[in-house]
Amino acid sequence: MKKEYRPAEIEARHYERWEQAGWFAPSGRGEPYCIVIPPPNVTGTLHMGHALQDTIMDALTRYHRMRGRNTLWQPGTDHAGIATQMVVERLLEREGTSRKELGRERFLERVWQWKERSGNTIVRQMRRLGASVDWSRERFTMDAELSRAVGEVFVRLYEEGLIYRGKRLVNWDPVLRTAVSDLEVLSTEEKGKLWHLRYPIEGASGAHLVVATTRPETMLGDTAVAVHPEDERYQRWVGKHVRLPLADRLIPVIADEYVDREFGTGVVKITPAHDFNDYEVGQRHNLPLIGVLDDTARLNDAAPARYRGLDRFVARERVLEDLTAAGLLEKVEDHVSKIPRGDRSGVVVEPLLTDQWYVKTKPLAEPAIAAVEDGRVRFVPDNWKNTYFEWMRNIQDWCISRQLWWGHRIPAWYDDQGNVYVARDEAEARAKHGLGAAVKLRQDDDVLDTWFSSALWPFSTLGWPDKTPALATFYPTNVLVTSFDIIFFWVARMIMLGMKFAGDVPFREVYIHALVRDHEGQKMSKSKGNILDPLDLIDGVDLETLLKKRTEGLMQTHLQAGIERVTRKEFPSGIEGVGTDALRLTFASLATTGRDARFDLARAEGFHRFCNKLWNASSYVLSQLGGTSPGAAELGVADRWILSRLHVVIREVHANYATYRLDLVAQVLYDFTWHELCDWYLELTKAVLGDPNADDARKRGTQQTLVTALGALLKMLHPLIPFVTEELWLELCKHTGRDSATVMLEPFPVESDAAHDAEAESEIDWLKSFVIGIRQIRGDSNLPRSTALNVQLADATATDRERVERHRAQLERLAGIARIEILAPGTVVKGAATALLGGMRILVPLAGLIDVASERDRLGKQLARTRDDLAKSRRKLDNQSFVANAPADVVEKENARVADFEQRAAQLEQQLARLADLQ
RNA sequence: AGGCGCGUAGCUCAGUGGUAGAGCACCACCUUGACAUGGUGGGGGUCGUAGGUUCGAAACCUAUCGCGCCUACCA
């Protein structure tokens with residue numbers, strides 16, 4: 001194997017082989033395990049959120065696959081109606097043409113073309129991440145089969161009365177010119193004005209009512225003014241009329257509880273056609289609706305001629321000018337209000353009265369709520385179910401029609417009389433309703449909300465409505481891995497429609513992971529200029545390219561300089577690539593229970609070093625496997641120790657997977673690899689394997705253990721860092737003659753693979769303490785490693801002596817000891833640096849090596865600390881209620897600590913005294 | 001207006017009733033044959049604050065401050 005760890009070389013090598021071999025497909029054996037991918041937009045490129053999510057799903061998939069389950073990670077992409085249509089429209093704009101110019105059919109051809117050409121970016125990028133999805137089952141929401149499922153669900157819901165068409169106020173995006181659902185409207189607090197307008201009261205010359213409004217232009221559509229029924233200020237006007245300025249219409253003064261007496265003037269203008277609340281009021285009072293805006297939010301013909309054709313904001317200015325001129329603008333106040341904006345276009349959304357299709361959600365929500373209540377679907381972390389309940393228990397009907405071209409066209413046809421026929425296709429519509437060829441039918445122009453098809457994803461991808469083997473095997477799926485921002489958009493709707501149509505919940509668990517933010521906790525966004533591309537973290541990127549990426553195509557060009565400055569400061573020489581494996585390990589360590597995950601490049605660099613460490617450790621193991629002849633093997637204490645530690649690690653890894661704590665999986669394996677295997681075990685093997693006089697059986701025992709431990713470790717690490725582990729595994733197999741084509745199909749270690757061995761653990765703990773004691777003396781006294789020390793042991797027990805004999809070579813090697821001498825009982829050593837190990841004192845005679853003053857200082861600090869601890873423990877034990885109430889084992893432990901501290905303190909005092917003697 | 005989350009070392013984060021931890025950064029020493037992408041030792045935290053429960057609280061409860069998010073119709 002290569003001497004240096006080079007992730008780029010390794011990572012290029014394995015993915016294609018895995019995919020070609022068909023190893024990502026379900027094995028067909030074992031208990032099924034299935035994850036469906038949250039389908040990324042075909043328009044998309046991989047961002048940090050995908051990378052985190054894909055890492056989690058891939059780790060789970062690989063883990064369960066290695067545990068022998070029949071594992072499917074179902075991939076695919078989403079047609080993303082609005083997003084995709086916008087991308088292609090922008091493209092056409094650059095070509096000097098437009099959607100309207102091309103016409104529906106040719107436009108759709110262009111979208112498909114674009115999808116075929118550019119829609120593969122994200123799936124290519126997923127391969128770079130190592131995602132072990134079954135590509136042979138890749139689906140797209142607009143595939144014929146999935147579209148069939150969409151039609152089927154629509155028709156069945158319609159036939160049950162759960163889909164209906166109606167004219168109501170909807171959220172209308174005047175730039176995209178489509179209806180959007182409540183969820184697609186984001187309300188943001190924005191500074192604005194509150195205008196106080198005078199409406200003259202009819203028949204009471206000079207008197208007027210003053211209404212307060214944030215949207216003066218809508219006054220042209222007012223059909224009433226309202227006051228609170230118990231508001232004494234205005235009671236006498238109720239039932240009278242005011243003359244609506246500019247429009248010059250008489251409108252009634254009505255009384256309605258909706259009005260808040262405290263706000264503004266306590267008089268509200270009512271515009272039923274342009275406000276959700278006013279619409280309700282209008283319904284209650286039988287008010288007419290006067291819509292004054294068209295679908296681009298320009299004033300229409302219902303408005304006075306002077307305003308027709310004006311954009312709503314231009315009209316606002318003119319209305320205000322005209323009111324001012326007429327002396328009807330009483331005052332203007334600053335006011336902060338919530339402005340609804342479309343999540344795609346960013347423009348202010350208008351309530352507009354239009355015909356739309358709706359799903360009646362209450363009947364679907366009830367069983368979906370029950371499924372989470374009784375645990376058929378479990379949220380992880382559990383508290384997310386509260387968010388889910390909150391929304392589901394107040395759910396509103398879902399507007400599913402969109403005035404777009406890209407998407408699933410609504411399967412409804414109209415005849416010339418405006419009768420509507422819903423069916424799977426036109427032929428069925430004719431057949432069902434006995435419509436002859438003479439009857440002309442026209443299909444509804446609208447398409448469905450993208451989330452409608454996404455809601456079917458867990459069963460449509462598996463073949464529904466057909467009863468396919470895949471559906472029978474993998475539905476319900478095991479876990480949905482997603483982020484909390486789409487619990488309403490997607491998770492809730494999948495549960496509703498999955499239960500309705502596939503006969504069961506779509507997944508047993510919903511694992512909600514955090515949102516990836518930058519290291520300051522800021523959301524990553526283009527305009528903040530803090531975007532990181534996962535592939536740049538893998539491959540590295542120079543500063544110029546990074547700057548270009550962050551500033552190119554920026555909408556707000558004034559931000560450019562700031563973004564450049566910050567980027568230069570944070571990455572003065574670009575980003576050094578860390579490789580896929582290190583990036584994955586970083587994401588795994590971000591899979592905590594929190595909702596924010598701050599991405600810190602320093603952590604990724606740390607994990608890159610970890611991969612390097614693993615590489616070099618493996619290189620050492622491989623280099624040690626020769627030089628013995630076949631024969632029986634005998635395990636030494638160190639061998640038994642590392643196997644015992646391995647046993648604990650295996651148990652913890654499984655436990656942490658069970659609770660989706662991939663951060664802890666990563667941590668446990670990191671610590672074991674670095675701080676047990678590398679820091680101690682590999683070092684301990686050197687004394688055996690490097691000793692020409694060592695017994696061959698012992699050497700074989702150590703070699704065997706090296707292979708066992710490294711093998712198990714590579715398997716356990718594989719779900720997190722698939723590339724480097726595969727590389728190392730194949731090398732290991734080459735050296736050991738093992739016949740294995742890949743680590744990804746090896747059985748995941750189970751607890752019984754390694755044996756717990758308390759005796760070995762205690763003995764190696766002793767050895768470590770011995771070595772660390774000497775190292776501390778060496779470190780605190782600044783003794784170079786080249787100075788070998790003579791060590792004397794006082795008060796050694798029989799066990800201590802036995803252990804010293806057994807590990808003499810190890811101790812000398814690890815602590816840099818020249819000679820170990822065991823002192824006869826009662827021997828007094830005058831000046832020596834001291835370390836304590838149980839009752840034994842490890843003495844390093846000073847003999848000019850060590851400065852007496854600094855040694856006294858060192859021991860003094862230790863003594864002070866020990867006395868502190870001792871005092872604390874004694875106080876505890878002096879407390880009668882502690883002794884009476886604490887569990888026996890805790891009290892017992894405390895007693896042992898006191899004894900230990902007392903002994904230490906006495907030893908330290910004695911040593912200090914002897915140091916004093918020396919001077 | 002409700003609901004939720006977070007606050008632990010300089011930074012990024014684990015730790016959920018029993019001796020405060022990791023990575024990175026910092027200081028000192030060390031090129032020892034897996035690894036200087038390394039090794040060894042060290043410094044650094046009254047766990048946001050105040051009460052309470054408990055023999056014992058970073059953890060549980062209450063209040064409070066700070067930051068963030070999500071729902072909701074105040075014109």
Side-chain angles (χ1 to χ4, degrees), chain A residues 3-5 187 194 211-215 218 226 258-260 262-271 275-280 335 337-338 381 383-384 386-387 390-391 394 484-485 487-488 515 517 519-521 523 576 578 586 589-590 592-624 661 663-664 667 670-671 674-675 678-679 682-683 686 690 771-772 775-786 813 815-816 869 872-873 876 879-887 889-891 893-894 897:
Chain A
K3 183 159 169 50
E4 289 189 341
Y5 169 59
S187 62
L194 189 61
V211 301
T213 180
T214 54
R215 304 203 48 198
T218 63
Y258 157 69
V259 180
D260 176 357
E262 309 298 315
F263 188 88
T265 58
V267 186
V268 188
K269 60 191 273 306
I270 300 295
T271 323
D275 183 280
F276 289 102
N277 293 308
D278 292 6
Y279 183 81
E280 300 289 320
H335 182 68
S337 59
K338 298 269 175 136
N383 59 300
W384 287 110
N386 298 325
T387 304
E390 171 75 16
W391 190 70
N394 300 296
F484 57 84
D485 53 341
I487 288 178
F488 309 144
L515 290 182
R517 298 170 181 281
H519 70 108
E520 287 177 327
K523 211 165 173 171
E576 192 94 36
V578 299
T586 314
S589 74
L590 291 177
T592 65
T593 55
R595 28 199 279 180
D596 295 335
R598 297 189 189 203
F599 186 86
D600 184 6
L601 188 59
R603 260 185 116 169
E605 285 162 355
F607 286 122
H608 174 244
R609 289 205 264 276
F610 171 79
C611 292
N612 180 63
K613 189 77 175 172
L614 182 67
W615 181 267
N616 285 302
S618 303
S619 162
Y620 167 75
V621 171
L622 299 182
S623 73
Q624 299 301 313
R661 290 300 303 271
D663 60 321
L664 299 180
Q667 195 186 85
Y670 183 104
D671 287 342
W674 205 305
H675 300 305
C678 291
D679 286 353
L682 296 191
E683 294 306 321
K686 288 174 184 175
V771 171
I772 288 169
R775 283 176 180 169
Q776 275 167 344
I777 291 171
R778 191 189 287 282
D780 287 343
S781 312
N782 276 343
L783 290 178
R785 165 81 203 200
S786 51
R813 192 193 151 75
D869 290 341
K872 228 186 281 176
S873 288
K876 262 190 176 180
N879 183 345
Q880 280 313 305
S881 40
F882 171 73
V883 180
N885 293 310
D889 62 312
V890 172
V891 177
K893 228 158 88 183
E894 210 55 47
R897 294 185 62 196

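Residue numbers begin at 1 in each chain, while the letters A, B, ... track the order of the sequences.
- For B:A28, the paired base is B:U40 (Watson-Crick or G-U wobble, both distances below 3.5 Å).
- A close approach under 4.0 Å does not occur between any side-chain nitrogen or oxygen of A:Thr387 and OP1 or OP2 of B:C70.
- The interatomic distance linking A:Arg813 (CZ) with B:U40 (P) rounds to 13 Å, in whole Å.
- No engagement by A:Leu622 is indicated, since no non-hydrogen atom pair under 4.0 Å with the nucleic acid exists.
- Nucleic acid contact class of A:Asp869 (heavy atoms, under 4.0 Å, all strands): none.
- Put simply, the side chain of A:Glu894 does not reach to within 4.5 Å of the side chain of A:Val883, judged on heavy atoms.
- Within 4.0 Å of A:His519, counting heavy atoms only, lie sugar-phosphate atoms of the nucleic acid but no base atom.
- Under the 4.5 Å side-chain criterion, counting only non-hydrogen atoms from C-beta, A:Trp384 is in contact with A:Ile487.
- At a threshold of 4.0 angstrom between heavy atoms, the contacts of A:Arg595 include nucleobase atoms, whether or not backbone atoms are also involved.
- Contact annotation for A:Lys269: no contact, since no heavy-atom pair falls under 4.0 Å across all strands.
- RNA chain B is contacted by both A:Glu605 and A:Trp384; A:Trp384 maps to the nucleotide lying nearer its 5′ end (nearest heavy atom per residue).
- Judged by atom type and distance alone, A:Glu390 does not reach the base of B:A72 through any side-chain donor-acceptor pair under 3.5 Å.
- With C1' as the reference atom, B:U54 and B:G43 are 35 Å apart, rounded to whole Å.
- In this structure, B:U49 forms a base pair with B:A63, meeting either the Watson-Crick or the G-U wobble geometry with both donor-acceptor distances under 3.5 Å.
- As a whole-Å value, the separation of A:Lys338 NZ from B:C73 P is 10 Å.
- Ranked by how close their nearest RNA chain B nucleotide is to the 5' end, A:Ala602 and A:Val259 are led by A:Ala602.
- Contact check, A:Arg603 against B:C13: no side-chain N or O comes under 4.0 Å of OP1 or OP2.
- Under a cutoff of 6.0 Å and an axis angle of 45°, A:Lys686 and A:Tyr620 form a cation-pi pair.
- Taking side-chain N and O atoms only, A:Lys872 has no distance below 4.0 Å to OP1 or OP2 of B:G56.
- Using a 4.0 Å heavy-atom distance criterion, A:Ala212 is classed as a base contact.
- A tilted orientation is assigned to the rings of A:His608 and A:Tyr5, their planes being inclined by 30° to 60°.
- Under 3.5 Å, the side chain of A:Arg778 and the base of B:U40 form no donor-acceptor pair of N or O atoms.
- As rounded to whole Å, 6 Å separates atom C1' of B:C74 from atom OH of A:Tyr258.
- Across all strands shown, A:Glu576 has no heavy atoms under 4.0 Å from either base or sugar-phosphate atoms.
- In this model, the phosphate group of B:G56 is not approached by any side-chain N or O of A:Lys876 to a distance below 4.0 Å at OP1 or OP2.
- Within the 4.0 Å cut-off from OP1 or OP2 of B:C73, not a single side-chain nitrogen or oxygen of A:Asn277 is found.
- Using a 4.0 Å heavy-atom criterion, one finds that A:Ser786 contacts no nucleic acid atom at all.
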